[in-house]
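Right, one structure below, let's go through it.
A, B, ... follow the sequence lines: proteins, then strands. Residue 1 opens every chain.
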Protein chains: 2
Amino acid sequence: MELYLMRHGIAEAQVGSQTDAERKLTKEGRQKTEKVAQQLVAGDLRFDLILASPLVRAYQTAEILIAAGLSSELEQSDLLTNTGNIHKWLTDWLEPRQYSHKTKLALVGHEPNLSNWAEILVWGASKGCIVLKKAGMIGIKLPEVGSPLGQSQMFLLIPPRYLS
Amino acid sequence: MELYLMRHGIAEAQVGSQTDAERKLTKEGRQKTEKVAQQLVAGDLRFDLILASPLVRAYQTAEILIAAGLSSELEQSDLLTNTGNIHKWLTDWLEPRQYSHKTKLALVGHEPNLSNWAEILVWGASKGCIVLKKAGMIGIKLPEVGSPLGQSQMFLLIPPRYLS
């Protein structure tokens, strides 16, 4: 199975009584995310499902991926907010679904969570040594059998700069 | 300092009395490498120097990067052949040059060396969990002070599929 961990695009600053969860993508953030999505479509990437954090900037990012044709399935999960825990996501969300090993899932969320999750999957622990830009994406291949923790492979780490 | 580790493009099979070192890029290998180089130029990437393995398929890959305008400086080093050792490269090649921390170097070589080198720089040891495709590239940021071993960051891991 392949996991694609995508960080939301550039978001507006928090103003007035707005909560952090309500921050929207800026115009630039939308445009960069759209270009990334188009380039991924051109590379023949498709997801069986996009799972997004419910925070507006992440959910809007996921909607852009859907609009570009990267998937027709969009769900949201509180496990992808910026306090999300990968162990809980694996046991509570992923394992019960029993996806086939050919499944490609995109998770749209936040930093430093996503790069930490990637490190835990690939190296078994996180020490903050992966740089994931806004609207950037990490690609992880999970093993067909056994725990993915420290047993996965990384095949993609792409900043939007080279996808526009 | 930033290191860009690039794997040579698709090469022909070894035939007749030809040695492995003499294998050239195929037409497809040249074309894919050219597209990658163009996309990197479009992303405003430039290298202060490209250091290539002397094996023909790697040196030809480096020449394509030069022709695309990614650098005007090309050298070759036996330390980048497929028996190259990163510790030797660091002490014998990199350290004596005393490059500034703004230097961007591209190293064009072979697998599994390059992804092993990346893992040693970022995580201190290699266990074969980075997938680097032909004509793909890894981007590593070295720390400004101290040993880069296990102290570097990865910001790029890009297969040619998304750069063409």
Side-chain angles (χ1 to χ4, degrees), chain A residues 2-7 32 35-46 68 70 104 111-112 114-116 118-143 148-164, chain B residues 2-7 32 35-46 68 70 104 111-112 114-116 118-143 148-164:
Chain A
E2 290 180 355
L3 285 188
Y4 293 80
L5 310 177
M6 184 167 186
R7 186 179 179 192
K32 278 197 180 181
K35 283 188 179 174
V36 167
Q38 288 158 10
Q39 203 72 16
L40 296 175
V41 167
D44 280 335
L45 186 60
R46 298 294 184 276
L70 280 160
K104 294 185 183 186
E111 275 295 90
L114 295 177
S115 59
N116 286 344
E119 286 188 89
I120 292 167
L121 288 169
V122 176
W123 285 277
S126 74
K127 58 180 190 124
C129 54
I130 294 177
V131 180
L132 180 62
K133 297 280 189 183
K134 294 192 178 80
M137 186 176 266
I138 300 172
I140 305 280
K141 187 174 174 58
L142 306 189
L149 298 169
Q151 305 294 328
S152 301
Q153 287 189 308
M154 180 180 295
F155 59 86
L156 188 70
L157 170 58
I158 195 163
R161 172 176 170 175
Y162 298 111
L163 287 179
S164 49
Chain B
E2 290 180 355
L3 285 188
Y4 293 80
L5 311 177
M6 185 168 187
R7 186 178 178 193
K32 278 197 179 180
K35 283 187 178 174
V36 167
Q38 288 158 11
Q39 203 70 16
L40 295 175
V41 167
D44 281 336
L45 186 60
R46 299 293 183 279
L70 280 161
K104 294 184 183 186
E111 276 293 272
L114 294 177
S115 59
N116 286 344
E119 286 188 271
I120 291 167
L121 288 169
V122 176
W123 285 276
S126 74
K127 59 179 190 123
C129 53
I130 293 177
V131 180
L132 180 62
K133 297 281 188 182
K134 293 191 179 83
M137 184 176 267
I138 300 172
I140 304 280
K141 187 172 174 60
L142 307 190
L149 299 169
Q151 306 293 329
S152 302
Q153 287 189 308
M154 181 181 294
F155 59 86
L156 188 70
L157 170 58
I158 196 164
R161 172 176 170 175
Y162 299 112
L163 287 179
S164 49

Practice problem: Find the one option among A:Leu157, A:Asp44, A:Val131, A:Ile158 whose heavy-atom pairs under 4.5 Å with chain B are most numerous. | Solution: A:Leu157
Exercise. Begin from the C-alpha positions of B:Leu45 and A:Tyr162 and carry the test side-chain contact (heavy atoms from CB on, under 4.5 Å) through to its verdict.
Key: CA-CA 9 Å; B:Leu45 186 60; A:Tyr162 298 111; 3.6 Å; yes
Just by distance, do the side chain of [X] and the backbone of [Y] share a donor-acceptor pair under 3.5 Å?
X        : Y        : answer
B:Gln153 : A:Gly128 : yes
A:Lys133 : B:Phe155 : no
A:Lys127 : B:Gln151 : no

Quiz prompt | Side chain proximity check, A:Trp123 to B:Cys129, heavy atoms < 4.5 angstrom | solution = yes
Quiz item: Hey, are the side chains of A:Glu119 and B:Met154 touching, using non-hydrogen atoms and a 4.5 Å cut-off?
Solution: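 They are not in contact (no side-chain heavy atoms under 4.5 Å apart), so the answer is no.
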Practice problem: Could you look at A:Ser152 and say if it's the side chain, the backbone, both or neither that has a heavy atom under 4.5 Å from chain B? | Solution: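 Only the backbone of A:Ser152 comes within 4.5 Å of chain B.
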Quiz item: Where on A:Leu40 is there a heavy atom nearer than 4.5 Å to chain B: the side chain, the backbone, both, or neither?
Solution: both
